[in-house]
Amino acid sequence: MSSKPYQPAAIEAAMQQRWRDERTFSVTEDPERESFYCLSMLPYPSGALHMGHVRNYTIGDLISRYQRLLGKNVLQPMGWDAFGLPAENAAIKNNTAPAAWTYANIEHMRGQLERLGFAYDWEREVTTCKPEYYRWEQLMFTRLMKQGLAYRKDSEVNWDPVDQTVLANEQVVDGRGWRSGALVERRTIPQWFLKITDYAEELLAGLDELDGWPESVKTMQRNWIGRSEGAEFSLPVCDADGVVQPDGLAIDVFTTRPDTAFGVTYAVLAPEHPLVGALTTDDQREAVDAFRSRVASTSEIDRLSDEGQLDKRGVFTGAYVLNPFNQQAVPLYLADYVLMGYGTGAIMAVPGQDQRDWEFAKAYDLPIIRTVQPPEDWEGEAYTGDGPAINSDWLDGMDVTDAKAKAMDWLEEQGIGRRTVNYRLRDWGVSRQRYWGCPIPVIYCEACGAQPVPEEELPVVLPEDVSFMGVQSPIKTDPEWRKTTCPACGGAAERETDTFDTFMESSWYYARYCCPDAEAQLDERANYWLPVDQYIGGIEHAIMHLMYFRFYHKLLRDAGMVDSDEPAKRLLCQGMVVAETYKIEGEDGSTTWINPDDVEVQKDDKGKIIGARLASDGTPVTVGAVEKMSKSKNNGVDPQSLVDRYGADTVRLFSLFAAPPDQSLEWSESGVEGAFRFLKRLWTLIDQHLEAGEPTSLDTQGLDDGQREVRRLVHDTIAKVSDDIDRRFTFNTAIAALMELTNHLARFEDTSPQGLAVAREGWTAIVQLLSPVTPHLSEALWDRLGDGRRLLEAGWPEADDSARVRQAVELVVQVNGKLRGRITVAPGCDRDSAQALALEEPNVQRFIEGKTVRKVIHVPDRLLNIVVG
RNA sequence: GCCGGAGUGGCGGAACUGGUAGACGCGACGGACUCAAAAUCCGUUUCUGGAAACAGAGUGAGGGUUCGAGUCCCUCCUCCGGCACCA
């Protein structure tokens, strides 16, 4: 009989206490040992852990514990991305200071992480809102200013005219301020930028070396950088007859298709282009101004989206420019699809070869000239493929590549243009007009201009004990805080009151964990750990965070602080955690979202969901879509209550088992119960095994067929689980394999001494292989099954290949590709013997009877396909 | 709009290099135990036909390549992530 049922709360508390007492997860740099740095994206301390955190950190902990069992010196740190907008919102709502709210959240969430049993080295904890952290990024910024890598320029922000404040994009809903409801304006203010474009080429090339990164992320980053080769050249402004004034204006355009220049039928300026005012004719000025103000209040995404209002997407300026290739005058338009931030902010339009130009030309009744011959059966509109040039004078007949080269040669010979490379990537704007962020360490002097705060005066400390009203940043409204003296001339001066983008903190925290107490941004310990061996985080960070993170590493390298070129070798992007939504739709059209916890689901006799109602009073509830867990849809599930009910090991097991890590994970209460059931069962089965008697030492040569078969399953499972964790990152299938082996061992009732020895080997392997997933349960069972060492010191089990040899294999027999039978053969059985055996099968005979065997395909140890006709 | 990803039983998912579609888990159904329920254990479970053996169909839709396609190619649909001030 079982001595004690599975009691996760007691086991987990005891194991966590042991790890704390023994400082199990504190690490030091040891050059004698191979290091492994496993990093999960640090959380924003929003108040409580959500399922996305649990999923992320469970994956990280699994990898960390696995690598540790392989014998590596594993660093797994944790910290807090503590600056950000939500603290300001919470401060307004609760009338607290953002700092106090943030620190309280950190305390609570740290406790939650500890309760989940993650193997963090808490002695390296980093909190980004503390001056001892952000002082170093201020120092780095002042150095970048001196190098010219940080610079100031005018840039647009969302301005709320009622609240008199800058709004984040997230705070603009349908063009209005989320609090005031006022129509948001675009306002231009000077802001600080980092020259990430100087690193565009290296950021692009570096992707080719990142073998451990998902292809999708690398592709997105390549497209984001958006390198394109082309030509820049000038179109002189002329009158409608093509007459150019000497010393008149010209517009510069960038094109990747100079070979199509004979097909230019109009040109376009971005609405914000500085020459618009000078070029617009009087009769068009009213229309142009109206168009510009409408575009100015439209977000960039809306500008690029096709809203089906093509006739409102542009306006004629009244001006003409001269195409230097054919001396033709073409009209100059403004259009919302041309952005000032890309290329020169002006394009030559070739509707025959560009679909957006084609649509614009159709809408505005502009001529279309094809300059590349489309294929015979071409049914599309603009043709962007290859083909001989036509209607292009001295380019006619050339293919696209040759024509491009010749057109660019010609531009350079004529001295009117040149070859250039353009990037879609823009410099990183780091200024935010908000309080709860790292102060930008700059002093403005009327006489000396913008000055970096001298190194010995850093950090510029953000006051934390403030009353925060939300309309304005306290350091902007306080007349005293900004008062200072100019470091250059000593005269009265003012501090910058903007703060950094919070991506600034999350761009270098990984390096600070290596040396959290260093009296510099980093010290030599960084190179022991870096680059990160495994980085884990959400796919939503595929572009921005991961680009800034790579960029900042190169800044650290160029400052001599790290040796490597890239911050992380392997990257795993986990999917979202989603859940079913439930709602009650009121008669007035209102929608009330109901939490899954409060809903009873009704099913038909096949288990298909046919309805739902409130658990409390039976009110019918509509089943909505499966969506990302969120407050707005009220479909979030609190991990804390799950840990309380089932224990950390069950929550960890479910979040790894329910889906592969890179796919979205659908929350399921009954799935969690299934995970809990498995752990209870495993506990009981191992208990029963221990009660069944002491095994002798295993005699691998003296096993009977049943014992040998079980041992083969054990070692196949060891090999599969190792491969799934190490190479494939498919933790769900690793767990499935362990469940399968558990089922086999449960059915193996051989209590002979050798039988018990085989079972002991199997149960021990399961406990070890499962330990990165369910560390508490595994360590508690290991204490009873193991060899006296700690589980974490005993290492990762290795598959014994000799145990995995099979006596016989099943071969699938197909006739014309359809399954018609199975035969059992010796491993490595040749084609002729397999065919002879297959032809004896009655069902195979039935399907080939009266037909001629035309071909036989044999895949050794797998399949035999007999093709008849 | 642009870039990236996904779509397989009632549900989550498996099928790794083009070779048995549905591992494992959930749910459902049947049974054992129980006064009963819970828990636990055993069995069945893609659909259609059939007592069964077995046959036919089947991986978002439509085409194609191949002895053989969930997997490769083309066209399309739907959903999700990102788009530079949410983190």
Side-chain angles (χ1 to χ4, degrees), chain A residues 5 41 43-44 46 81 83-86 157-158 166-172 191 214-217 219-220 222-224 226 300-307 337 341 356 425-429 431-434 501-503 506 538-545 547 573 575-576 578 603-610 625-628 654 657-660 662-675 677-678 680-681 684 723-724 727-728 730 732-733 735-740 743 810-814 816-819 822 843 846 854-857 859 862-867:
Chain A
M41 289 182 187
Y44 177 78
S46 55
D81 186 19
F83 278 135
L85 197 54
V157 293
N158 305 308
V166 174
L167 297 177
N169 287 341
E170 192 192 46
Q171 296 172 311
V172 179
Q191 307 195 62
E215 274 314 315
S216 57
V217 172
T219 304
M220 280 190 269
R222 280 188 193 105
N223 293 334
W224 185 262
E300 198 172 297
I301 290 179
D302 289 340
R303 275 178 68 173
L304 297 173
S305 297
D306 177 13
E307 288 173 293
Y337 70 91
R356 276 199 295 196
L425 182 70
R426 310 206 285 251
D427 278 337
W428 177 11
S431 293
R432 297 292 180 270
Q433 296 69 41
R434 283 196 269 281
D501 177 6
T502 58
F503 275 127
S506 56
I539 184 68
E540 67 273 21
H541 296 295
I543 296 176
M544 300 190 63
H545 162 67
M547 188 76 76
C573 288
M576 295 175 305
V578 298
K603 294 176 177 177
D604 68 10
D605 57 5
K606 284 188 176 173
K608 189 173 184 172
I609 293 173
I610 51 172
V626 174
E627 295 188 54
K628 182 176 180 174
F654 172 74
F657 178 61
D662 54 353
Q663 286 181 30
S664 63
L665 179 151
E666 189 175 328
W667 157 256
S668 151
E669 175 82 27
S670 50
V672 178
E673 275 166 22
R677 200 174 301 151
F678 170 69
K680 278 194 290 189
R681 182 158 174 260
T684 307
D723 187 49
D724 281 354
R727 178 182 64 89
R728 297 183 63 211
T730 50
N732 55 327
T733 55
I735 292 165
L738 289 168
M739 289 175 169
E740 252 182 297
N743 293 339
E810 188 180 73
L811 205 65
V812 164
V813 183
Q814 297 180 336
N816 285 350
K818 282 197 180 276
L819 176 67
R822 298 160 207 272
N843 204 44
R846 241 176 75 196
R854 301 209 181 275
K855 199 172 179 181
V856 175
I857 284 134
V859 184
R862 296 209 69 136
L863 166 143
L864 192 77
N865 186 13
I866 301 168
V867 184

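Keep in mind that what you see is a predicted model, and the values were worked out from it rather than measured. Residue numbers start from 1 in every chain, and the chains themselves are labelled A, B, ... in the order their sequence lines are given, proteins ahead of strands.
- In this structure, A:Gln663 contributes its side chain and A:Pro660 its backbone to no donor-acceptor pair below 3.5 Å.
- Anti is the glycosidic conformation of B:G13, whose angle departs from 0 by more than 90°.
- Candidate nucleotides B:C85, B:A14, B:A87 were compared by shortest atom distance to the side chain of A:Gln663, and B:A14 ranks first.
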- request: Report the secondary structure of RNA chain B in dot-bracket form, marking unpaired bases with a dot and bases paired to a different strand with |, and treating Watson-Crick or G-U pairs with both distances under 3.5 Å as paired.
  value: (((((((..(((......[....)))((((((.......))))))((((....))))..(((((..]....))))))))))))....
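- Considering only the side chain of A:Gln814, B:U20 comes nearest among B:U20, B:G25, B:A15.
- The base of B:C86 has none of its N or O atoms less than 3.5 Å from a complementary donor or acceptor on the side chain of A:Gln171.
- The same atom, C1', is picked in B:A14 and in B:G4; the two are 25 Å apart, to the nearest Å.
- Rounding to the nearest 0.5 Å places OG1 of A:Thr733 at 10.0 Å from CZ of A:Phe657.
- Distance noted for atom C1' between B:C47 and B:U66: 28 Å (whole Å).
- With hydrogens and angles left out, the side chain of A:Arg677 and the base of B:U40 share no donor-acceptor pair within 3.5 Å.
- Residue contacts shown for A:His545 are absent, as no nucleic acid heavy atom lies under 4.0 Å away.
- Of all nucleotides listed (B:C67, B:G82, B:G25), B:C67 comes nearest to the side chain of A:Lys855.
- Listed nucleotides: B:C85, B:C24, B:A84. Nearest to the side chain of A:Trp224: B:A84.
- With sequence neighbours excluded, no residue satisfies side chain to side chain donor-acceptor pair (under 3.5 Å) with A:Arg434.
- When the nucleotides B:C41, B:G25, B:G19 are ranked by their closest atom to the side chain of A:Arg681, B:C41 comes out on top.
- Between the base of B:C26 and the side chain of A:Glu666 there is no donor-acceptor pair shorter than 3.5 Å.
- Judged by distance alone with a 3.5 Å cut-off, no donor-acceptor contact links the side chain of A:Arg222 to the base of B:C3.
- Side-chain proximity of A:Tyr44 to the nucleotides B:G13, B:A87, B:G19 is greatest for B:A87.
- How far CD of A:Glu669 is from CZ of A:Phe654: 9.5 Å, rounded to the nearest 0.5 Å.
- No hydrogens or angles were tested; on distance alone, nothing pairs the side chain of A:Arg854 with the base of B:C67 as donor and acceptor under 3.5 Å.
- Proximity note for A:Arg728 (side chain, C-beta onward) versus B:A14, B:C85, B:A15: the nearest is B:A15.
- Put simply, A:Asn865 has no side-chain N or O that comes within less than 4.0 Å of OP1 or OP2 on B:G19.
- Across all strands, A:Glu669 comes closer than 4.0 Å to no nucleic acid atom at all (heavy-atom distances).
- Taking each heavy atom of A:Val859 and A:Leu811 in turn, the nearest pair found is O-CD1, 4.1 Å.
- Under 4.0 angstrom from either OP1 or OP2 of B:U40 there lies at least one side-chain N or O belonging to A:Lys680.
- In this structure a side-chain-to-backbone donor-acceptor pair under 3.5 Å is present from A:Asn158 to A:Leu167.
- Listed nucleotides B:G82, B:U20, B:A15 differ in distance to A:Arg822; the shortest reach to its side chain belongs to B:U20.
- For B:C3, its base never sits under 3.5 Å from the side chain of A:Asn223 at any donor and acceptor pair.
- Closest contact between the side chain of A:Glu740 and the listed nucleotides B:C26, B:C24, B:G19 involves B:C24.
- The side chain of A:Asn743 contributes an N or O atom lying less than 4.0 Å from OP1 or OP2 of B:G25.
- The side chain of A:Ser668 contributes no N or O atom lying less than 4.0 Å from OP1 or OP2 of B:C26.
- Listed candidates were B:G81, B:A87, B:A23. Nearest to the side chain of A:Ile539 is B:G81.
- Across B:G56 and B:A21, the matching C1' atoms stand 16 Å from one another, rounded to whole Å.
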